[in-house]
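Computed from a predicted structure; not experimentally measured.
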Number of protein chains: 2
Amino acid sequence: MDVRTICLGILSRGDATGYEIKKLFDDDGYQHFVEASFGSIYPALSRLTQEGLVSVRSEIQEKRPDRKVYSITEAGRKAFLGSLLKPLPEDRHRSPFVFAMLFSHLIPHPRVVEMLDTYIEQSETKLAQLMEPKPQPLPEGERFVTGFGRAVYIAMVNYLRQYRAELKGDAAEAAE
Amino acid sequence: MDVRTICLGILSRGDATGYEIKKLFDDDGYQHFVEASFGSIYPALSRLTQEGLVSVRSEIQEKRPDRKVYSITEAGRKAFLGSLLKPLPEDRHRSPFVFAMLFSHLIPHPRVVEMLDTYIEQSETKLAQLMEPKPQPLPEGERFVTGFGRAVYIAMVNYLRQYRAELKGDAAEAAE
DNA sequence: ACCCATCTATATTGGTCCGATATAGATCGG
DNA sequence: CCGATCTATATCGGACCAATATAGATGGGT
């Protein structure tokens, strides 16, 4: 799912600036499955504008650079729908933490514990965000995605906490 | 975690060609958390060689292009260890499926069902691979990662199957 | 016995995307 | 009142991927 399609999707829910598009995914709990950087969003919006899939209006502000508000066009909606009907690219999950843990036998024990604790904390933060009550009624799509995220992060946190607890046991035994 | 570090990590377990490095992650059940393409692996290996972090020997084969077998050097091991001690980059999980489901209200119902079924099947395949018995004894790192993968995919499949079942109910009711 | 598909193996290229950085006024808590 | 953070847009180098090219080996099917 390229950044162009992501932008079209968000704009299909309402007008937004490039900044707002980024923020939506950073703050709204979907960032665990979709993200994009400014360095890809701004060029994508320019190209979409050239192609007529979105339109821009510059809200001129005094003493501020113009706010460029993007709207999706009819052609844009069709293009977005089209890409939802095509076979979807596969998920891609890259986890430096998991990769590093493959080599835990090479890493000093305190550092392994630190890595685990850091990752557990990050995961718990994300889970807490996903558990926040959402404004009702929630659109069906968001209900599904929130539930999915919760299920995945709960499983992750459970496994990590259990592993961490066993590690603690090991350390205590070693210290005796 | 950049491709250079990934290559160093794999080579720390034993010599390999670029092709074998790619295959290790495609086949061995870790591809759900780490992957890299040929287009990044081969350049990475060249650069690592230039920098003296790995060495190459060309096994000359009759009637075949040379097999370039890479070995990690002492400097390479140190560099790898160093990158495991630095703060790890955050996970990145991009799921076109999850993104598409956010817009399920725009998508014809049969297509939503198809998307779900495809994703469920893919997830079950990956889970089945993770459930395969591994050769014992398993290094601690791999034991952790396999367990982690299993926990995550089991949670995913459970949630997806339940959601799919509810959907089936909806369809039946609608058909009445 | 033969053919086709798949596998092993290396490599390149175009294009996408990210991370860092630059700029600059607004807003807000201490 | 000052520094930190926020809003907002933009660019650039570099990392990375998908597709493609090449070419001999291997193995299953008929």
Nearest listed nucleotide, side chain of A:V3, among D:dA10, C:dT10, C:dC18: C:dC18

Touch class at under 4.0 angstrom, heavy-atom based, for A:T17 against every strand present: sugar-phosphate

Distance, rounded to the nearest Å, where B:E35 contributes CD and D:dA15 contributes C1': 15 Å

Listed nucleotide nearest any side-chain atom of B:E20, set C:dT10, D:dC17, C:dA9: C:dA9

Neighbour count above 12 (heavy atom, 6.0 Å) for B:E121 CD: no

Sugar-phosphate only, base, or nothing, as touched by B:G18 at under 4.0 Å among non-hydrogen atoms: sugar-phosphate

B:V69 vs B:R94, nearer the 5' end of DNA chain C by closest nucleotide: B:V69

Cationic N near anionic O, under 4.0 Å, A:E51 to A:R47: yes

Exceeds 12 heavy-atom contacts within 6.0 angstrom, atom CD of A:Q162: no

Which residue lies more 5' along DNA chain C, comparing B:R92 with B:S46 via nearest heavy atoms: B:S46

B:K68, nearest nucleotide to its side chain (from C:dC18, D:dC17, C:dT10): C:dT10

Separation of C:dG15 C1' from A:D2 CG (nearest whole Å): 11 Å

Sugar-phosphate, base or nothing in reach of A:A44, heavy atoms under 4.0 Å: nothing

Touch class at under 4.0 angstrom, heavy-atom based, for A:R47 against every strand present: sugar-phosphate

Whole-Å distance separating the CG atom of B:D15 from the C1' atom of C:dA9: 17 Å

B:Y19 vs C:dT10: side-chain N/O to OP1/OP2 distance below 4.0 Å: no

Short side-chain N/O contact from A:K22 to OP1 or OP2 of D:dT7, under 4.0 Å: no

Nearest-0.5 Å distance, CG of residue A:L8 to OG of residue A:S83: 7.0 Å

Any B:Y42 side-chain N or O less than 4.0 Å from OP1/OP2 of C:dA11: no

d(CZ, B:F38; P, C:dT8) in whole Å: 10 Å

Near-ring test A:F99/B:F33, centroid separation under 6.0 angstrom: no

Side-chain N,O (A:S40) to OP1/OP2 (C:dC18) below 4.0 Å: yes

Nearest-angstrom distance from the residue atom CG of A:L45 to C1' of C:dC17: 14 Å

Pair B:Y19 and B:Y42, ring centroids less than 6.0 Å apart: no

Whole-Å distance separating the CZ atom of B:R4 from the C1' atom of D:dC16: 14 Å

Nearest-angstrom distance from the residue atom CZ of A:R67 to P of D:dC6: 18 Å

A:L48 CG to C:dC17 P, straight-line distance once rounded to whole Å: 11 Å

Candidate nucleotides D:dT7, C:dT10, C:dG19, ranked by approach to the side chain of A:S37 - the nearest: C:dG19

